[in-house]
Amino acid sequence: MEPFPRLFARFKFMTDPMFSELPRLLESSAHIETIVDVGTGYGIPACWFLERFPDAKVYGIEPNPERVRVASMAVQKRGVIKCGRAPDIPTHPGSADAAFMLDVTHYLTNEELGLTLKRLYSALSHGGSLIIRAVIPPGKRPSWLWRFQMVNLKITGTSCYYRSVDEIKVMIIEAGFKMELSVPSGSNQESAWFVAKAMS
């Protein structure tokens, strides 16, 4: 694998609080074999999932072909990563035990996010877990990371659709899920976790 994705992965593991926070969020999801990952990126969280759940297989979708290539190399035979974009979700056998959307929701319109959540609800088994980390607009002075991301998005012409914690919770519940938990990620209040279950 080329140097850049390797360095990116190392930096991500070192600096992103996601990997220290996920174990607590997954306490009620002890047995996971089929994972749906919307917005797989380079496959860094997907590899973390596979390390934690040795019997699991990841089915991911990612709009960037280069990231699909790298993620496919990273997960190897324990995953299938396809090129595509929500509201499409990955094709997988049977019902999934868990679905993840990590730092993806702000790229989706309300219509796209609502449809994605409904499709994930249908894809999950009874009691299956939905885990989302969403970018939340800062209420106070934005962090340097937020300002950097805003500049980058402006340069690339990327449209974003930010929502409050309450707005995201409402959308999750409207898709049929039962909310279990909503907590900040990290210390800057600019991202939040949402954990929900498909209960019917």
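Other residues sharing a hydrophobic cluster with Val80 under the 4.5 Å side-chain heavy-atom criterion for ILVMFWY residues are Tyr59.
Classification of Glu62 and Arg85 as a salt-bridged pair fails, no side-chain N sitting under 4.0 Å from a carboxylate O. Between Glu2 and Arg69 a salt bridge is recorded (basic side-chain N to carboxylate O distance below 4.0 Å).
Of the N and O atoms on the side chains of Arg133 and Ser191, not one donor lies less than 3.5 Å from an acceptor on the other residue. Thr34 and Lys57 share no side-chain donor-acceptor pair at under 3.5 Å.
Note that the CD1 atom of Ile131 and the CG atom of Leu26 stand 4.0 Å from one another [nearest 0.5 Å]. Atom-to-atom distance recorded for Ser129:OG and Phe100:CZ is 7.5 Å, nearest 0.5 angstrom. Rounded to the nearest 0.5 angstrom, Lys77 NZ and Ser72 OG are separated by 14.5 Å. Note that CZ of Phe19 and CG of Asp16 are 5.5 Å apart. Values are rounded to the nearest 0.5 Å. Taking CD1 of Ile32 as the start and OG of Ser125 as the end, the distance is 9.5 Å to the nearest 0.5 Å.
Shortest non-hydrogen contact noted between Cys83 and Ile61 is C-CG1, 4.4 Å. For Trp193 against Glu21, the heavy-atom pair with the smallest separation is NE1-OE1, 2.7 Å.
Between Tyr121 and Phe177, the ring planes are perpendicular. Angles over 60° get that label, and only those under 30° would be called parallel.
Two residues are said to be in side-chain contact when any heavy atoms from C-beta on lie closer than 4.5 Å; His106 and Tyr162 meet this criterion.
Neither Val170 nor Leu181 shares a network with the other; the hydrophobic side chains, linked directly or stepwise wherever heavy atoms of I, L, V, M, F, W or Y lie under 4.5 Å apart, form separate groups for each.
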